[in-house]
Every structure is written in structure tokens, then in C-alpha cells.
Amino acid sequence: MTYKGPRETGVQYIKVRREIELQVDPSEFEKLKSLFESLGFKLVLSFAKRRVLYEGTGVKATLDELIGVGYFLELELVSEDMRRMFKSLVEEFIEKHGFKPIDKTYLEICLEINTCRLME
């Protein structure tokens with residue numbers, strides 16, 4: 001389970017924000033769901049993704065398939081040096097191939113193109 005804080009502004013190509021991650025055992029899913037409901041939360045919508053994780057020195061790369069939308073590559077960089085190098089590589093990649101980084105969350109993408117499953 002991950003809490004993701006607000007994005008810092010003024011950083012091009014890189015999404016910087018505070019994250020707090022907790023390991024949740026899959027067998028505890030129903031209890032966690034019950035806890036949220038007891039706290040007054042209500043399931044409003046959902047989307048699905050498949051994730052493959054790769055790790056290297058100073059970087060984690062995830063290849064995500066956002067079901068019904070497409071594939072996305074996310075790089076998590078652990079140092080300022082890696083961030084500077086990544087920004088340079090992204091700029092070169094954009095210029096060479098014409099791809100553009102996406103600064104939206106998966107939820108924002110799903111809502112925008114109407115692929116989220118609304119819950120009643």
C-alpha cells in the first residue's frame with residue numbers, strides 16, 4: 001500500500017513527491033478493505049495494472065500495463081546525480097524519437113479516457 005503526497009512543482013520530466021510504502025500481505029486484503037470501510041471510506045472507482053519490476057544500481061524500473069490503456073515505463077531514481085543524468089537522457093530520447101513523458105497519474109489517465117470502472 002502506498003501513500004503518495006502532492007507533486008513538487010517546477011521539475012520538468014521528473015515527478016517528485018513524498019511516498020510512504022507499507023508491505024501488506026495479500027491474505028490481509030479483506031481486513032484492510034474492512035478497515036477503510038470502518039473509517040468511512042467508500043470504493044468509488046477502480047482500474048487495473050500489471051507490473052514487472054527491474055532493479056539496477058541507483059534505479060528501479062517498472063514496466064506497467066495499464067489494462068485497457070497501454071504500457072508505461074516508470075523509473076525511480078535514488079540520487080540527484082541519477083535525476084540529472086535521467087533528465088538529459090529523456091531530453092535526448094524525446095528529440096530523437098518524438099515521445100513525450102506523461103506527468104499524469106494512472107488514475108488521471110483512466111478518468112480522462114474513461115477506462116476506470118465506476119463502483120455503485
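Values below: every heavy atom of this structure, side chains too, minus hydrogens, waters and symmetry copies.
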Those residues that, when tested against Lys104, pass side-chain hydrogen bond (donor to acceptor under 3.5 Å, both in side chains) (two or more places apart): Glu112

Measure the spacing between CG of Leu32 and CG of Asp25 and express it to the nearest 0.5 Å. 11.0 Å

Does any part of the side chain of Leu39, heavy atoms only, come nearer than 4.5 Å to the side chain of Leu35, both counted from C-beta? yes

Side chain Glu95, main chain Glu92, donor-acceptor under 3.5 Å: no

Hey, any chance Leu89 and Leu73 share a hydrophobic cluster, counting ILVMFWY side chains that come within less than 4.5 Å of each other, even indirectly? yes

Can you find a heavy atom in the side chain of Phe72 that is under 4.5 Å from one in the side chain of Leu66? yes

So Thr62 and Val52, do their side chains get closer than 4.5 Å, heavy atoms only? no

Could you tell me how the ring of Phe36 sits relative to the ring of Phe41: parallel (under 30°), tilted (30 to 60°) or perpendicular (over 60°)? perpendicular

Look up atom CG in Leu111 and atom CG in Leu45, then write down how far apart they are to the nearest 0.5 Å. 5.5 Å

Would you call Arg51 and Glu65 a salt bridge, taking side-chain N to carboxylate O under 4.0 Å as the test? no

Going by side chain to side chain contact (heavy atoms under 4.5 Å, CB included), name the residues that satisfy it together with Ile20, two or more places apart in sequence or in a different chain. Tyr3, Arg18

Rounded at 0.5 Å granularity, tell me how far CG in Leu22 sits from OG1 in Thr2. 8.0 Å

Are the side chain of Ser34 and the backbone of Glu30 linked by a donor-acceptor contact shorter than 3.5 Å? no

